[in-house]
Peer 1: 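Before we start, here is the structure in question, set down as structure tokens.
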Amino acid sequence: MARRNRRYAVPGVEQGMQTLKANVMKQEGYTVNPDRPNDVKYEVAKELGVPLQHGNNGALTTESAGQIGGKIGGSMVREMIRLAQEQLANTEQQNK
């Protein structure tokens, strides 16, 4: 899986997203180096039985890559939804 240069819709959120990933994956029970949160994909791949290696993974199927990304991204999305719901509830309560 080649490292992609992501462009976020909101400038300056890169570090925050990496921190979110590290925190969410720690909550999921993975060992995460906060300086290299993208490396958690190797631990996830191992758990899922996907032969992900450092470097070229050209033989990896799209399905296998999706399993890894889905596990990580799905966990992040669930946490972002939880945070948004919490923020909305707090805003509604303050407006009463």
Side-chain angles (χ1 to χ4, degrees):
M1 296 167 79
R3 182 172 171 96
R4 292 183 244 154
N5 290 326
R6 297 200 186 278
R7 293 179 58 142
Y8 293 99
V10 178
V13 299
E14 294 83 3
Q15 184 59 45
M17 291 300 289
Q18 293 304 313
T19 301
L20 175 68
K21 181 188 290 186
N23 291 339
V24 167
M25 296 314 288
K26 279 182 190 174
Q27 290 173 4
E28 293 285 322
Y30 294 97
T31 304
V32 181
N33 178 345
D35 297 326
R36 299 180 55 105
N38 286 328
D39 287 352
V40 75
K41 65 187 170 190
Y42 298 106
E43 189 175 344
V44 171
K46 183 177 179 181
E47 177 185 284
L48 295 172
V50 176
L52 181 67
Q53 302 295 321
H54 291 275
N56 185 359
N57 285 285
L60 198 62
T61 66
T62 303
E63 180 181 3
S64 294
Q67 288 177 322
I68 299 165
K71 176 89 171 167
I72 296 169
S75 297
M76 290 176 67
V77 168
R78 278 190 296 281
E79 179 63 9
M80 286 187 277
I81 291 170
R82 187 194 67 75
L83 290 170
Q85 289 173 332
E86 185 178 290
Q87 186 176 19
L88 282 171
N90 289 338
T91 300
E92 288 174 2
Q93 195 166 25
Q94 289 174 358
N95 290 334
K96 287 185 178 181

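Numbers here simply count residues along the sequence, with the first being 1.
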Peer 1: Given side chains that start at C-beta, do those of N38 and Q18 come closer than 4.5 Å, heavy atoms only?
Peer 2: yes

Peer 1: Provide the full list of salt bridge (charged side-chain N to carboxylate O under 4.0 Å, His left out) pairs with a residue in residues 15-33, sequence neighbours left out, each pair given once.
Peer 2: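 Of all non-adjacent pairs touching residues 15-33, none passes salt bridge (charged side-chain N to carboxylate O under 4.0 Å, His left out).
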
Peer 1: Tell me the closest heavy-atom pair linking V32 and P37, and the distance in Å.
Peer 2: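 That would be CG1-CA, 4.0 Å.
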
Peer 1: Could you work out, with side-chain contact (heavy atoms from CB on, under 4.5 Å) as the rule, every residue matching N95, not counting sequence neighbours?
Peer 2: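 N95: side-chain contact (heavy atoms from CB on, under 4.5 Å) contacts with T91.
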
Peer 1: Specify the closest pair of heavy atoms between I72 and V40, including all atoms of both residues, with the distance to one decimal.
Peer 2: CD1-CG1, 4.0 Å

Peer 1: Which residue pairs satisfy the ring-ring contact (aromatic ring centres under 6.0 Å, His included) criterion with at least one member in residues 43-74, sequence neighbours excluded?
Peer 2: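 Counting only pairs at least two positions apart or across chains, the ring-ring contact (aromatic ring centres under 6.0 Å, His included) contacts touching residues 43-74 are Y42-H54.
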
Peer 1: With sequence neighbours left out, what residues match T61 under side-chain hydrogen bond (donor to acceptor under 3.5 Å, both in side chains)?
Peer 2: S64

Peer 1: Mind listing the closest non-hydrogen atom pair of P11 and A9 along with its distance?
Peer 2: CD-O, 3.6 Å

Peer 1: Closest approach of A45 and I68, non-hydrogen atoms and distance?
Peer 2: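 In this case the closest contact between A45 and I68 is CB-CD1, 3.6 Å.
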
Peer 1: What are the two closest non-hydrogen atoms of E43 and G29, and how far apart are they?
Peer 2: OE2-O, 4.4 Å

Peer 1: Among all residues two or more places apart in sequence or in another chain, which pass the side-chain contact (heavy atoms from CB on, under 4.5 Å) test with L88?
Peer 2: none

Peer 1: According to the ring-ring contact (aromatic ring centres under 6.0 Å, His included) rule, which pairs have a member within residues 55-96, sequence neighbours left out?
Peer 2: none

Peer 1: Among the clusters formed by ILVMFWY side chains lying less than 4.5 Å apart, do L83 and M76 turn up in the same one?
Peer 2: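 Different clusters.
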
Peer 1: Less than 4.5 Å apart, side chain to side chain, heavy atoms only: is that true for T19 and P34?
Peer 2: no

Peer 1: Can you list every ring-ring contact (aromatic ring centres under 6.0 Å, His included) pair that touches residues 67-89, not counting sequence neighbours?
Peer 2: none

Peer 1: Just jot down the side-chain hydrogen bond (donor to acceptor under 3.5 Å, both in side chains) partners of N23, sequence neighbours excluded, or say none.
Peer 2: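 With neighbours one apart ignored, the set is empty.
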
Peer 1: Quick test of your reading: applying salt bridge (charged side-chain N to carboxylate O under 4.0 Å, His left out), list the pairs with at least one residue in residues 63-84, sequence neighbours left out, ordered by first then second residue.
Peer 2: E47-K71, E79-R82, R82-E86

Peer 1: Does anything in residues 73-96 form a ring-ring contact (aromatic ring centres under 6.0 Å, His included)? List the pairs, not counting sequence neighbours.
Peer 2: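 Matches after skipping sequence neighbours: none remain.
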
Peer 1: Test Q67 against every option in T62, V50, L52 by the side-chain contact (heavy atoms from CB on, under 4.5 Å) rule and name the one that passes.
Peer 2: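 Of the listed options, the one satisfying the test is V50.
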
